Q: 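Quick one: this structure, given as structure tokens, is what I'll be asking you about.
Atoms considered below: every heavy atom in the structure, side chains included; atoms not considered: hydrogens, waters and symmetry mates. Owing to the predicted nature of the structure, the values given are computational and were not obtained by experimental measurement.
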Amino acid sequence: MTQQDPGGNRGWTAERKGVLSRLRFTSLRLRLILVFGLVALTAAVSASGIAYWLNREAVLTRTQDAVLRDFEQEMQNRAGALPARPTQDELQHTAGQMAGGDQRFSVLLVAQNPDGRTVYGSSGGLSGFSLQDVPVSLRKAVNKAQKVDGPDKHPYHLYWQRIVDHDTPYLVAGTRVIGGGPTGYMLKSLEPEAKDLNSLAWSLGIATGLALIGSALLAQAAATTVLKPVQRLGTAARRLGEGRLDTRLRVSGTDELADLSRTFNNAAEALEKRVADMAARDEASRRFVADMSHELRTPLTAITAVTEVLEEELEAETGSMDPMIEPAVRLVVSETRRLNDLVENLMEVTRFDAGTARLVLDDVDIADQITACIDARAWLDAVELDAERGIHARLDPRRLDVILANLIGNALKHGGSPVRVSVREEDDSLVIEVQDHGPGIPEDVLPHVFDRFYKASASRPRSEGSGLGLSIALENAHIHGGEITAANSPDSGAVFTLRLPRDSAPAEQPADDRRQPADDSGKGTGRGRDDDAQGDA
């Protein structure tokens, strides 16, 4: 048994799909071909119809005039020579003579014999052309005497009619001899002319088909000529949209498409330059923030050590701290802690912006992770947990802790207790909802809750948090391939919904990315992150 080549089948399928995609109904190429085809078809059919009609009338009129003229002459010359009351033999003989002319038509003569009886003479004998073959309307017109006035001095005229019998066209005519005599009828087959006209119709049909094919080929050539630059422009635009800013088009000619290609190249060059300038400025800005954060860490470490000593003095029961300077010391301790959190958050944001943040994945029990996060920050009395043990996911525990700390801390600070944390599974995703019982988030604030340094109220620009917590939580969700959304509950309060995949894609990990969580939660203090997204409602 012969084995088929799957690669060849795939190649043929791909080629067929390529052809079908180029000729899809919405494509400009197909529409151009259809328009050309319809125009050519309309023109060809119109020209063929007019030509057929003109030739048909010309052929039939020429044949008809010749036959009627010959029949009229025969009636005057031969039928007019008969006596007023001829015998049947005389009619038969004259009809035969009349039918023997060049036009070869059948003749029927009708008259009254000397006995007053109606007799018939047919060129085809008794089984030939008969009176029943003549339409009744034609017989009435032939036998009806007209008024004699003006230039027309004869009461009887020549009448004719075209009929079809058994799919064969005929010309029937009739008249009476001027001055009295027999009535004559003529039957002429138009089958030769019909065959000629059918041949002409076939020829015109073939010419129409060839014109249609030619128009399709012409349309294809025109479409290829016109659309190939457009296709190249579309491909270049897609590559430019994918970030390949060095994409350029080859320009040839001086027509409108060449001008369009030059315009595209100029726009791409300007865009590349602008993006390069922006990237350079952005890189310089990130480098400045990173350097500043690193430089601040050294003095902050010393300051933090001093503030810890001062804080111990404040909490000591010896009363050694002067009551006059105690508020100032508490302010220094609070602001130092806030500055330390801000520096940590700035360093975390810098890593996200630089693309150096990586995941360190581990199998995590979600209920245990949330419990550990709440317990580490002394929130057990203020948070209700609705999560079954045994729900596992492959995540980065540190970054999940950062997300939870910011969401729960934000709910505690700006919402209302109790804060409810629930966990559920949806297909291959993990859904964690953090709901508070506060006033909710104003509608004009909702789109900005994840913005960096966003403050919902201009009257409170300064707060304990850095204004980066929710933004960092969202970035940590994104690096897992997840998402965080904020909304208001129909009952009361705000709801933050965290969706994470059960198995985040692993990535190459830098060795130094195991830092302390960057959040505004304030471990052990119950302080939430401060973006004032809800508190200023």
Side-chain angles (χ1 to χ4, degrees), residues 278 282 285-286 289 334-335 338-339 341-342 344-346 348-350 352-353 377 379 382-384 399-400 402-424 426 429 431-500 517-522 525-537:
M278 292 176 63
D282 192 39
S285 177
R286 285 200 301 266
V289 173
S334 175
E335 292 301 314
R338 180 172 177 268
L339 182 60
D341 291 342
L342 176 61
E344 290 294 334
N345 285 338
L346 285 175
E348 185 77 358
V349 168
T350 302
F352 281 122
D353 290 345
R377 293 161 177 82
W379 292 340
V383 178
E384 296 179 356
R399 295 190 181 278
L400 179 60
V402 171
I403 299 172
L404 294 172
N406 279 292
L407 294 181
I408 298 173
N410 186 78
L412 288 171
K413 183 175 179 61
H414 303 294
S417 297
V419 172
R420 181 179 179 82
V421 180
S422 59
V423 181
R424 68 176 186 272
E426 290 184 0
S429 299
V431 180
I432 302 175
E433 287 187 351
V434 179
Q435 180 177 359
D436 61 54
H437 290 79
I441 307 175
E443 293 298 328
D444 59 331
V445 175
L446 270 176
H448 306 287
V449 294
F450 296 105
D451 293 352
R452 296 176 182 177
F453 301 107
Y454 180 74
K455 303 291 182 179
S457 173
S459 63
R460 291 174 50 184
R462 182 179 177 276
S463 57
E464 295 180 1
S466 65
L468 292 172
L470 284 182
S471 175
I472 292 175
L474 183 62
E475 293 291 347
N476 278 303
H478 285 169
I479 200 173
H480 279 89
E483 185 61 56
I484 303 177
T485 57
N488 288 315
S489 173
D491 300 329
S492 64
V495 181
F496 285 83
T497 304
L498 169 65
R499 294 180 183 272
L500 296 175
D519 63 77
D520 287 340
S521 61
T525 66
R527 294 186 302 108
R529 53 94 58 219
D530 186 6
D531 64 352
D532 285 345
Q534 301 180 48
D536 294 332

Q: Nearest 0.5 Å, what's the CG-CZ distance between Leu474 and Phe496?
A: 10.5 Å
Q: Before giving the answer on side chain to side chain contact (heavy atoms under 4.5 Å, CB included), spell out for Leu400 and Leu500 the whole-Å C-alpha distance, their side-chain angles and the decisive distance to 0.1 Å.
A: CA-CA 10 Å; Leu400 179 60; Leu500 296 175; 4.0 Å; yes
Q: Using the salt bridge (Lys or Arg N to Asp or Glu O under 4.0 Å) criterion, which residues pair with Glu426? Sequence neighbours excluded.
A: Arg424, Arg499
Q: So, using salt bridge (Lys or Arg N to Asp or Glu O under 4.0 Å) as the criterion, who are the partners of Glu384 when residues are at least two apart?
A: Arg420
Q: If you apply the rule side chain to side chain contact (heavy atoms under 4.5 Å, CB included), what do you find for Leu498 with Val434, and how did you get there?
A: CA-CA 8 Å; Leu498 169 65; Val434 179; over 6 Å; no
Q: Counting only N and O atoms by type, is there a donor-acceptor contact under 3.5 Å from the side chain of Asn476 to the main-chain atoms of Ile472?
A: yes
Q: Indicate the atoms forming the closest heavy-atom contact of Ala477 with Ile403, along with that distance.
A: N-CD1, 3.7 Å
Q: Would you check if the side chain of Asp436 reaches a backbone N or O of Gly493 as a donor-acceptor pair within less than 3.5 Å?
A: no
Q: Shortest non-hydrogen contact from Phe450 to Leu470?
A: CD2-O, 3.5 Å
Q: Would you say the side chain of Val419 lies within less than 4.5 Å of the side chain of Trp379, judging by non-hydrogen atoms?
A: no
Q: Specify the closest pair of heavy atoms between His437 and Pro418, including all atoms of both residues, with the distance to one decimal.
A: ND1-O, 2.7 Å
Q: Measuring only between side-chain heavy atoms, which start at C-beta, is Leu407 closer than 4.5 Å to Ile432?
A: no
Q: Could you pull out all donor-acceptor pairs under 3.5 Å where a side-chain atom in residues 482-489 meets a protein atom, sequence neighbours excluded?
A:
residue: Glu483; atom: OE1; partner: His478; partner atom: NE2; Å: 3.2
residue: Asn488; atom: OD1; partner: Ile441; partner atom: N; Å: 2.7
residue: Asn488; atom: ND2; partner: Ile441; partner atom: O; Å: 2.7
residue: Ser489; atom: OG; partner: Gln435; partner atom: NE2; Å: 3.0
residue: Ser489; atom: OG; partner: Asp491; partner atom: N; Å: 3.3

